[in-house]
Colleague: 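Take a look at this one; I'll ask things after.
Side chains are part of it too, since the values below use all heavy atoms of this structure and drop only hydrogens, waters and symmetry mates. Predicted, not measured: the structure shown is a model, and the values here were computed from it.
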Amino acid sequence: MRQKELRLALVCYGGVSLAVYMHGVTKEIWHLARASRAHLDGEELDGVAAVYRAFLAQIENEHSLRLRVLPDILTGASAGGINAVFLAQALYSGCSLEPVTDLWLKNADVTELTSVEARPGWRFAKFWAQPFADWFLRRGGNAVDETVSPETRSEVRDKVSSLVRGRWFGPPFSGERFSEMLFEALQSMAHAQPGPVLLPPGHPVDLLVTATDFRGHAETLRLNSPSQVQETEHRMPISFKGKAQAESGHQLADSLELVLAARATASFPGAFPPVVLDEIDRIGAAEGHHWATRGQFLSRIMPVHVSEGTVDDVALIDGAVLVNAPFGAALEAMKGRTSQREVDRRFVYIEPRPDRAPVTRQNEDGETATDPLGWFGTIFGALSTIPREQPIRDDLERIEKQSRDAQRLRQIVMGLRPEIDRAVEKLFGLTFFLDSPTPKRLSSWRAKAQQAASERADYTFGAYAETKFSVILDRLAELTCKAAPNLVMADAARVSNSLRQEFVSGGMTRLCGESGGATPQAIGFFRSHDVGFRIRRLQLLARRLSRDWEIDPEIPDDALDIARSKIYHILSLYEGLDDVTHLGEGFVPIAEAAMENPNAVLDYFARKRMPPRIDSEAEDLLAQALSEMPRNLRRRMLLTYLGFPFYDVATLPLLQSERLDEYNPVKIDRISPDDARSIREGGTQDTLRGTEFYNFGAFFSRSYRENDYLWGRLHGAERMMDLIVSTLDTPMASDAVRAVKRSAFLAILDEEAKSKRCDNALIEQLRSEVIERLA
């Protein structure tokens, strides 16, 4: 059975109250991940998850493809950041997203969020403000009439009037109440009975949300003249990394850290006060929650403020002010990820409001005219609409370029394979493959192959050696800076240059000898520090075990699976070394003095980063794995393992990276009302209500939230089906896809009718539309 992983990197836009719609979408992604896990484990599910599970089984039966869906990179800004936080926690811990639905439907209302001191104490409070409120809300062309549906205008006017009369020149919404709601939702998730972890054990999970440091912090920039300057940086990404555990119930991060991230990214300017650390500390104290990792967390996300002692003065506001669509963060998270089988990597972004048409009206002559910008519309456009609608062309072009590079590299490797295979066979002879690969033989064969590769490279070996040397130094410098954030540098370049100068001072002025190949000093350096070479070699072995690279019907799938698991077990030995935590606390003071004493840094790396026992253990495991493989598979593995120096000489100067990463092109998909028209054709304008009142509409009406939540689930289900179908090599019949979508839509509506969260009349109206349109 051919196996494939559909890996999703999710990018959640900001959208104010359209966050409710995005929650509905992310809930379907969660259900699909549940179904994928249950299908592989043979577990039964109910509701829409059962429909997804049956669909995956249908694909397996009809297309001989076992598909695993893995949402493993979650990024977001503003309200989208909140959804990214909750989804990441659910995927990592196995907890349910159901409690979060209650958060959005019940608590995401102005009456719940309004600060106590901002509420009018009696009906005549600030009576002098009432005339202004009446003029603002009832004058011709006012914001409510322009942006709110007639049946909801009265409710919106009452609530806006309350805000206007409640408090002037201060945020009307309570930041502390918002944080409490977020904490309550996370606690509700944690206290419910968890299901299984939705990602394979050891699979990386990345969560990143954007925040804006209002006062800013100093960042060093490198110039020609002067050599360094300091500028004020306001971007403050808040990221979390983890590896999925075998058992459920583990948390991606401390609850207060997740609360801070969600509260900060969604602190809409003017509506919420900026979040400060004291607010989060008070919640922890009130809940009796000990924030054990507080210092470590702050040192990681705001090292400059920690070093300068200004942590208590940090004020964070909405991340969408500067970065509304964090594609770059998702792309960065892909670095270093490997794959055990064929991977279909997708960047999926949720765009609730893709429509860009300006508001128009008919003038006296019957001609269509664009409405002039008013005072209120201009302010909200500057704060909300423009930052959230800025095109993502630059990000998409960057992803497209990386995909082209990955495809080109794959073609290069596949084109080199026949020639390198012949070179290895010539070097060792055809009878060589009949020998048993003992650890001692592997070591001897490997040394012989590396020498042959350096000699055959001729004058190009110098460029390869220099590239490898630079890549290693840059990685050592990055690890040094991570261990010592107090160094506060623009990047790791100064540390890398300092390490390089240390080698030059020690006499290593050349990497290549006169007769070709590396000098003894360079060989010693590479043996001590080149973790990347070992990792790339094992990654290439894993790639040759994938069906999408090389189809050989004579090698059974179970043999490939067993071989992959063994290769990845060996790979884990080296990946553990390439993490700053492996270096221990003793490295911190040495790293902090890297510029003054780079030799101590290099000596520590040589002693601690890659102990000789790791190579011995890896070769023992590899020899054992090779001896257990069928002969044709063992031959392929030996040709790749011993031929890797030839591949590396050719590809590393192009890669200039320690790792091969996922080694797959990236495809981009969008989820929006305009892309899911099976039930209604009209897109955003015909389905969502939160778009009213400058995207704040759903905060003023529960009926709007219920509407947008349901449409989020329905659109999410439709687009998840579309993504699954797009992974198939041969198209699925449109009638079959239509039938599955119909089943999913009805299952969602059945779930919501049973939960009694949403208005039954709305559910039945949608049910009738589904039945009529998808009959």
Side-chain angles (χ1 to χ4, degrees), residues 202 336 338 424 427-428 432 435-454 464-465 468-469 471-473 475-476 479 503 508 511 517-545 563-584 587 601-629 634 637-649 652 657-660:
T338 54
V424 174
L427 184 63
F428 292 98
F432 146 78
D435 293 335
S436 299
T438 64
K440 185 176 180 180
R441 284 175 178 168
L442 275 180
S443 179
S444 173
W445 294 342
R446 177 170 43 78
K448 185 176 181 180
Q450 288 181 204
Q451 180 63 31
S454 65
Y464 167 70
K468 184 151 81 159
F469 185 62
V471 166
I472 296 170
L473 288 182
R475 182 56 184 161
L476 297 181
L479 290 172
F503 279 106
M508 197 170 83
L511 296 173
T519 63
Q521 278 183 299
I523 291 174
F525 171 79
F526 293 142
R527 283 178 177 169
S528 298
H529 299 287
D530 200 356
V531 176
F533 180 88
R534 278 96 163 166
I535 290 176
R536 290 193 302 276
R537 181 170 56 199
L538 290 165
Q539 287 176 329
L540 188 61
L541 282 176
R543 293 308 302 164
R544 285 207 70 179
L545 290 168
R564 271 194 295 264
S565 65
K566 291 182 181 296
I567 294 299
Y568 274 87
H569 175 61
I570 301 169
L571 185 58
S572 67
L573 299 178
Y574 291 108
E575 288 183 326
L577 305 177
D578 203 34
D579 191 296
V580 70
T581 57
H582 166 74
L583 298 170
F587 182 54
V601 173
L602 291 169
D603 181 62
Y604 193 95
F605 276 125
R607 288 185 292 107
K608 297 288 188 179
R609 189 181 182 214
M610 193 167 61
R613 64 173 178 80
I614 297 296
D615 280 337
S616 299
E617 185 177 352
E619 283 192 332
D620 288 344
L621 291 171
L622 182 60
Q624 180 182 349
L626 289 169
S627 66
E628 296 171 357
M629 292 179 187
R634 181 168 67 243
M637 289 294 96
L638 282 171
L639 285 172
T640 306
Y641 183 75
L642 299 175
F644 178 73
F646 296 89
Y647 288 109
D648 208 42
V649 167
L652 185 63
S657 170
E658 275 215 325
R659 302 190 178 200
L660 300 180

Colleague: Please examine the side chains of Leu476 and Leu602, heavy atoms only from C-beta on, and report whether any two atoms are closer than 4.5 Å.
Modeller: yes

Colleague: Between Arg534 (side chain) and Asp530 (backbone), is there a donor-acceptor pair under 3.5 Å?
Modeller: yes

Colleague: Measuring from Met637:CE to Leu626:CG, what's the distance to the nearest 0.5 Å?
Modeller: 8.5 Å

Colleague: In Å, rounded to the nearest 0.5 Å, how long is the span from CG of Asp615 to CG of Leu442?
Modeller: 12.0 Å

Colleague: Can you name the side chain to side chain contact (heavy atoms under 4.5 Å, CB included) partners of Asp603, sequence neighbours left out?
Modeller: Arg607

Colleague: Side chains of Pro645 and Phe533: closer than 4.5 Å at any heavy-atom pair?
Modeller: yes

Colleague: Out of curiosity, Leu642 CG to Arg537 CZ, how far, rounded to the nearest 0.5 Å?
Modeller: 9.0 Å

Colleague: Could you work out, with ring pair (Phe, Tyr, Trp, His ring centres under 6.0 Å) as the rule, every residue matching Phe503, not counting sequence neighbours?
Modeller: Phe469, Phe525

Colleague: Output all residues satisfying side chain to side chain contact (heavy atoms under 4.5 Å, CB included) with Arg527, sequence neighbours left out; order by chain, then residue number.
Modeller: Ile523

Colleague: Under the side-chain contact (heavy atoms from CB on, under 4.5 Å) rule, what do Lys566 and Leu621 come out as? Steps first, then yes or no, please.
Modeller: CA-CA 8 Å; Lys566 291 182 181 296; Leu621 291 171; over 6 Å; no

Colleague: How close do Ile472 and Phe526 get, heavy atom to heavy atom, and via which atoms?
Modeller: CD1-CD2, 3.7 Å

Colleague: Ser444: which residues meet the side chain to side chain contact (heavy atoms under 4.5 Å, CB included) condition with it, sequence neighbours left out?
Modeller: none

Colleague: Taking side-chain hydrogen bond (donor to acceptor under 3.5 Å, both in side chains) as the definition, give me every residue that meets it alongside Gln450, ordered by chain and number, with sequence neighbours left out.
Modeller: none

Colleague: Are any of the side-chain heavy atoms of Leu577 and Pro611 separated by less than 4.5 Å?
Modeller: yes

Colleague: Return the CZ to CD distance between Phe644 and Gln539, rounded to the nearest 0.5 Å.
Modeller: 8.5 Å

Colleague: Closest approach of Ser627 and Pro437, non-hydrogen atoms and distance?
Modeller: N-CG, 4.2 Å

Colleague: State whether the side chain of Tyr641 and the backbone N or O of Leu538 hold a donor-acceptor pair below 3.5 Å, judged by distance alone.
Modeller: no

Colleague: Which atom names give the shortest non-hydrogen contact between Ala449 and Phe646, and what distance separates them?
Modeller: O-CE1, 4.0 Å

Colleague: Residues two or more places apart in sequence or in another chain: which of them pass ring pair (Phe, Tyr, Trp, His ring centres under 6.0 Å) with Tyr647?
Modeller: none

Colleague: Going from CZ on Arg475 to CG on Leu473, what distance comes out if it is rounded to the nearest 0.5 angstrom?
Modeller: 13.0 Å

Colleague: Within the distance-only criterion (no hydrogens, no angle test), does the side chain of Arg634 pair as donor or acceptor with the backbone N or O of Met629 below 3.5 angstrom?
Modeller: yes

Colleague: Output yes when a side-chain donor or acceptor of His529 lies under 3.5 Å from a complementary backbone atom of Arg609, and no otherwise.
Modeller: no

Colleague: What pairs with Ser443 under side chain to side chain contact (heavy atoms under 4.5 Å, CB included), at least two apart in sequence or on another chain?
Modeller: Arg446, Glu619

Colleague: Partners of Tyr464 by side-chain hydrogen bond (donor to acceptor under 3.5 Å, both in side chains), sequence neighbours excluded?
Modeller: Lys468, Asp648

Colleague: Taking atom CG of Leu638 and atom CG of Leu622, what is their separation to the nearest 0.5 Å?
Modeller: 8.0 Å

Colleague: With a cut-off of under 6.0 Å to the ring centre and 45° to the axis, is Lys448 in cation-pi contact with Phe428?
Modeller: yes

Colleague: On a heavy-atom basis, which atom in Leu511 and which in Ala465 lie closest, and how many Å separate them?
Modeller: CD1-O, 3.6 Å

